[in-house]
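Reviewing the structure listed below.
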Amino acid sequence: MAIYLTQESRVLVQGMTGGEGMRHTRRMLAAGTDVVGGVNPRKAGRSVDFGERTVPVFGSVAEGIAATGADVSVVFVPPAFVRAAVTEAADAGIGLAVVITEGVPVHDSVACTAYAAARGTRIIGPNCPGLISPGQSNAGIIPADITKPGRIGLVSKSGTLTYQLMYELRDIGFSTCVGIGGDPVVGTSHIDCLAAFEGDPDTELIVLIGEIGGDAEERAAGYIRDHVTKPVVGYIAGFTAPEGRTMGHAGAIVSGSSGTARAKKAALEAVGVRVGGTPTETAALVLAALEGTA
């Protein structure tokens, strides 16, 4: 099994005919994703030849759903158009919208994630790499050839660290890897993914990757204490961040000791989470936990 995305998922790509949309649609198809259509009002009725598959272009998400039964949308549109794209997908009844776009204004993220949630649409992102259930489906920009299906569930704020842990643990493999994004406002949280992995019988261990800024990891620690029975291994990016300096990542806002890597590590360790000091050490902790030696 997997969470949120399976081999049964039927995917629309909003912005498929743009440069990034074309490139990553090709990669998703190569990974086995069932991409059933693109969305572009100006190119409705056309189709795009990706070699082994020709994908139709629809004028709206609603038209795409009606024609194909799509239940997932991947959003590759410029930041100024994300709010409208997500609103359209939610109004059409899409179950999952994966927003890859970086640089979405925070007020737009607040508005569209709340709007989607009220209509039963789950948002992954914005500013995220998407998610992959290896061997089943890939929605976004995560490389599909660096791991295999397996027993680990991964939820991460960081795209780069998602890829690194996937690669380091490739011999075991993953049920699903979810890059939730590191912006101050995202549609799916660590807690959402922890709950989903806890309920997935094929996920034996959960890897949680956080980073400095905010209190998402501290809140996740409280949830783990009260609701998660599976082993959790963590890593927090930012131990070497200089104190008192503003960092570049949108979510990396630290005030006093709140939001620091050390504070997050302490909160997670207090509820039994093993936290690595580096990505490689984190991978070693995962191996030890699965082998029963940790």
Side-chain angles (χ1 to χ4, degrees), residues 1-14 16 24-39 50 52-53 55 61 64-76 89-90 92-100 116-117 119-125 128-156 159 162-163 165-166 169-170 172-181 186-208 228 230:
M1 292 181 65
I3 68 167
Y4 304 147
L5 187 74
T6 72
Q7 61 187 358
E8 305 300 324
S9 299
R10 298 172 66 79
V11 178
L12 290 174
V13 181
Q14 292 177 259
M16 185 184 75
H24 290 294
T25 297
R26 192 179 305 278
R27 294 176 66 253
M28 287 189 282
L29 285 165
T33 306
D34 189 12
V35 179
V36 296
V39 178
F50 288 98
E52 294 185 1
R53 185 158 185 173
V55 179
V61 175
I65 292 174
T68 67
D71 54 2
V72 176
S73 173
V74 183
V75 180
F76 288 103
I94 206 79
L96 175 69
V98 183
V99 184
I100 307 301
R119 284 153 183 79
T121 296
R122 174 173 296 283
I123 304 297
I124 306 289
C128 76
L131 69 164
I132 180 172
S133 296
Q136 298 191 59
S137 189
N138 183 9
I141 64 173
I142 296 175
D145 57 354
I146 58 174
T147 194
K148 66 179 183 180
R151 302 179 281 161
I152 304 168
L154 186 150
V155 53
S156 173
T162 298
Y163 313 152
L165 265 295
M166 286 172 62
L169 294 165
R170 63 194 180 280
I172 300 172
F174 293 81
S175 55
T176 303
C177 303
V178 186
I180 60 174
V186 294
T188 294
S189 68
H190 286 115
I191 290 174
D192 294 328
C193 294
L194 287 166
F197 282 131
E198 175 71 11
D200 176 26
D202 289 339
T203 297
E204 295 183 20
L205 179 145
I206 304 166
V207 175
L208 183 152
V228 178
K230 296 177 180 181

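Hydrogens, waters and symmetry mates play no part in the numbers below; they use all other heavy atoms, side chains included.
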Atom pair CG (Leu165) and CD1 (Ile146), whose distance is rounded to the nearest 0.5 Å
10.0 Å
Any side-chain to backbone donor/acceptor pair from Thr68 onto Ala70? Under 3.5 Å, distance only.
yes
Going through the checks in order, is the side chain to side chain contact (heavy atoms under 4.5 Å, CB included) test met by Asp71 and Ser9?
CA-CA 6 Å; Asp71 54 2; Ser9 299; 4.1 Å; yes
Side chain to side chain contact (heavy atoms under 4.5 Å, CB included) between His190 and Ile180: does it pass, once the steps are laid out?
CA-CA 8 Å; His190 286 115; Ile180 60 174; 4.0 Å; yes
With distance as the sole test, does Gln136 use its side chain to make a donor-acceptor pair with the main-chain N or O of Gln7 at under 3.5 Å?
yes
Salt-bridge test for Arg53 and Asp34: reply yes if a basic N is under 4.0 Å from a carboxylate O, no otherwise.
yes
Mark yes or no for whether Thr33, through its side chain, and Asn138, through its backbone, hold a donor-acceptor pair below 3.5 Å.
yes
Candidate pair Thr188 and Tyr4, rule side chain to side chain contact (heavy atoms under 4.5 Å, CB included), full reasoning:
CA-CA 11 Å; Thr188 294; Tyr4 304 147; 4.2 Å; yes
Within a strict 4.5 Å, meaning less than it, do heavy atoms of the Glu52 and Leu29 side chains meet?
no
Under 3.5 Å donor-acceptor, Ser175 side chain and Ile152 backbone:
yes
Hey, does Leu5 have a side-chain heavy atom less than 4.5 Å from the side chain of Thr176?
no
From Ile132, Val178, Thr147, residue fulfilling side chain to side chain contact (heavy atoms under 4.5 Å, CB included) relative to Ile142
Ile132
